[in-house]
Amino acid sequence: MDYFQLLFGIAAILLAIYYYYTSAYDTWKNRGVPGPKPSMFVGNFVDIILKRQALATIVKNLYNEYKSEPVFGIYEGTTPVLVINDLDLIKDVLIRDFSLFVDRGFKVLEKIEPLSQHLFLLEAKRWRPLRVRLSPIFTSGKLKEMFPLIVECAGNLEKYLDKVVKKDVSIECRDLVAKFTTDVIGSCVFGISMNALEDENSEFRRMGKQIFTPNFKQTIRESCRRFAPFLFKTVSYLLPMTEMNNFFINLVRDTIEYRKTNNITRPDFINLLMQLKEHPEKMENVELTDSLIAAQAFVFFIAGFETSSSTISHTLYELAQNQEVQDKLRQEIRDAYNKNGGTLTYEGIKGMKYLDKVFKETLRKYPILTVLNRQAMENYTFKGTKITIPERTIVWIPVYGIQHDSNIYSDPEKFDPERFNEDAVATRHPMSYLPFGDGPRNCIGARFAQYQSKVGLATILLNHKVNVCEKTKIPYEPDKNAFLLSLDGGVNLKITKAQN
């Protein structure tokens, strides 16, 4: 009898678990929203867990399958996610009804992850005042002030490239340019010479690699965040990111104290954070803790070096395969240098129209974030549809799928900067190009990223040529382990001196 009761109890528990998970997958079916069939526990992400496909590939494939629909539904674990294909509905979410989708839907656990309370992840209450106060650092005037700091780092990149050429070997370009962008961020954010190009053991470069190189601890944490959020808090306590948290919080605190003691002022991000800390009354009841201040510098560091290094290396990857584009761009760069007495100026970069087209086409083909996240702040019915989603529903905008849609960009796998001629751009829906997002919560550092990337590209291509080599992976295959879009195995190219 006891055994029968035990078996009956186990069966009842298993049945309850089964019912819970199967009913969790009725959300989109009950709302008449089409979508792929989910698998128990993992939803539509079994290929990510098994490392069979990258998120970019999944996004593009699902988009192509359902692009005739205005929306479709998927499941991240048991969490329902609505993917929006219709460009007008995307505009509603990002711009017209922004106040109803102001949050990104990420959970910020500041006691466990103090550096997670930054602009990209924060909820509306703290995001709004922070965004207003941090925006001035990215005005044209401030960028112009920081431009000489970027050019100074570019000079070190030029010297480093000459050493690379002498070795006459292929080089992994993403790591190369990440050293340059790390130096730029060190100067423009912290006012510190990070020396990542010269010092292979640079502490900042080591931290950058630690953030974006998956390890066991990060894999477990992120898997729980995505597929078992009820376990995430416990796992985060057990697997804390102590070294990284302490490094950045102490760095920002010590840098601010040193500048205050020595009366140092620089046109950089730390200076703006110092002003915020000195005038907390401007933050509308938001407590400016050391960790909140440090988190803003942290996100500028990781976004500034990683996204720009990926974009520069993706550009070099395409230029190595399209030599006529590379030659045309090099000529424009040389003309700009000659026009300004052999130097690179803010106005010179701004005036390089073809470089701008190459940059935009790179981000069209290789958007760093393959999806944009938003969360409904209240129940919402999409205009012109009968589809209503409840409060707190996560919505995705499939950037990678949209920007590879042959109905929007003919022959989308072709690298063609002429897509960004003014006439061509005018014919496309504004929501068909979203590498930096759009609306009030677009990327705050987009202009900084553009200038940093363009200076890096101009420096590399002025006197050097990039070529494919035996290690270059063609066709492009996204890294299945990376959070941001990147080439599996890295961007391996050969760099040589260009003819004068």
Side-chain angles (χ1 to χ4, degrees), residues 27-28 33 35 43-45 48 54-60 62-63 66 70-87 89-109 113 116-128 130-131 221-229 232 295 299 302-303 306-307 363 367-378 380 382 387 389-403 431 433-446 478 482-485:
T27 301
W28 300 128
V33 175
N44 300 108
F45 285 77
I48 286 184
L55 179 61
T57 306
I58 292 172
V59 168
K60 186 166 74 168
L62 286 173
Y63 174 83
Y66 292 97
V71 300
F72 65 93
I74 60 173
Y75 295 88
E76 189 176 21
T78 57
T79 302
V81 176
L82 188 71
V83 186
I84 309 174
N85 295 333
D86 184 272
L87 300 181
L89 297 184
I90 289 173
K91 190 170 185 178
D92 288 340
V93 169
L94 295 182
I95 302 174
R96 297 188 188 111
D97 294 328
F98 168 73
S99 62
L100 304 179
F101 291 93
V102 63
D103 281 356
R104 295 189 188 274
F106 295 102
K107 201 165 188 177
V108 176
L109 302 173
E113 299 180 300
S116 67
Q117 49 186 332
H118 52 68
L119 273 183
F120 186 81
L121 300 182
L122 278 177
E123 78 293 339
K125 179 184 175 183
R126 288 184 291 178
W127 170 79
R128 289 183 191 278
L130 267 176
R131 174 81 184 214
R221 285 165 59 94
E222 292 310 308
S223 294
C224 287
R225 189 199 299 269
R226 175 171 286 174
F227 303 111
F232 178 65
V299 75
I302 61 175
E306 177 65 21
T307 59
L363 284 174
I368 303 302
L369 285 176
T370 55
V371 298
L372 299 177
N373 290 57
R374 292 293 186 270
Q375 184 178 50
M377 304 293 285
E378 58 184 57
Y380 181 84
F382 289 92
I387 300 168
I389 56 175
E391 178 185 2
R392 304 187 66 79
T393 299
I394 301 294
V395 299
W396 278 13
I397 296 164
V399 176
Y400 194 73
I402 292 168
Q403 294 183 183
M431 297 297 105
Y433 183 72
L434 296 168
F436 294 110
D438 208 327
R441 199 154 186 175
N442 66 345
C443 175
I444 190 174
F483 171 70
L484 302 177
L485 182 64

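This is a predicted model, so every value here is computed, not measured.
Taking 4.5 Å as the limit, some side-chain heavy atom of L89 sits within range of a side-chain heavy atom of V71. Counting heavy atoms from C-beta on, the side chains of L484 and L369 come closer than 4.5 Å. Using a 4.5 Å heavy-atom cutoff, the side chains of V399 and P435 are not in contact.
Residues that satisfy the salt bridge (charged side-chain N to carboxylate O under 4.0 Å, His left out) test with R392, not counting sequence neighbours, are absent from this structure.
A donor-acceptor distance shorter than 3.5 angstrom exists from the side chain of Q403 to the backbone of L363, with no hydrogens or angles considered. No donor-acceptor pair closer than 3.5 Å links the side chain of D103 to the backbone N or O of E123. Between the side chain of Y400 and the backbone N or O of P367, no donor-acceptor pair lies under 3.5 Å.
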(message) Please determine whether side-chain contact (heavy atoms from CB on, under 4.5 Å) holds for the pair D92 and Y380, giving the CA-CA distance in whole Å, both sets of side-chain angles, and the decisive distance to 0.1 Å.
(response) CA-CA 11 Å; D92 288 340; Y380 181 84; 3.8 Å; yes

(request) Please test L434 against L94 for side-chain contact (heavy atoms from CB on, under 4.5 Å), starting from the C-alpha separation and ending with a verdict. (result) CA-CA 11 Å; L434 296 168; L94 295 182; 4.2 Å; yes

(message) Pair I95, F101 - check side-chain contact (heavy atoms from CB on, under 4.5 Å), show working.
(response) CA-CA 9 Å; I95 302 174; F101 291 93; over 6 Å; no

(request) Apply side-chain contact (heavy atoms from CB on, under 4.5 Å) to K91 and D438, showing your working. (result) CA-CA 8 Å; K91 190 170 185 178; D438 208 327; over 6 Å; no

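Annotation for Y75 and T27: closest pair OH-N, 3.3 Å, computed over non-hydrogen atoms. For G105 against I394, the heavy-atom pair with the smallest separation is CA-CD1, 3.8 Å. Between L372 and G437 the shortest heavy-atom distance is CD1-CA, 3.8 Å.
The aromatic rings of W396 and F45 lie perpendicular to each other, with more than 60° between the two planes, well past the 30° mark.
Considering I48, T370, V371, I74 as possible partners of I58, the one that fulfils the side-chain contact (heavy atoms from CB on, under 4.5 Å) test is I48.
Cation-pi geometry between R104 and F120 is met: under 6.0 angstrom from the ring centre, within 45 degrees of the axis.
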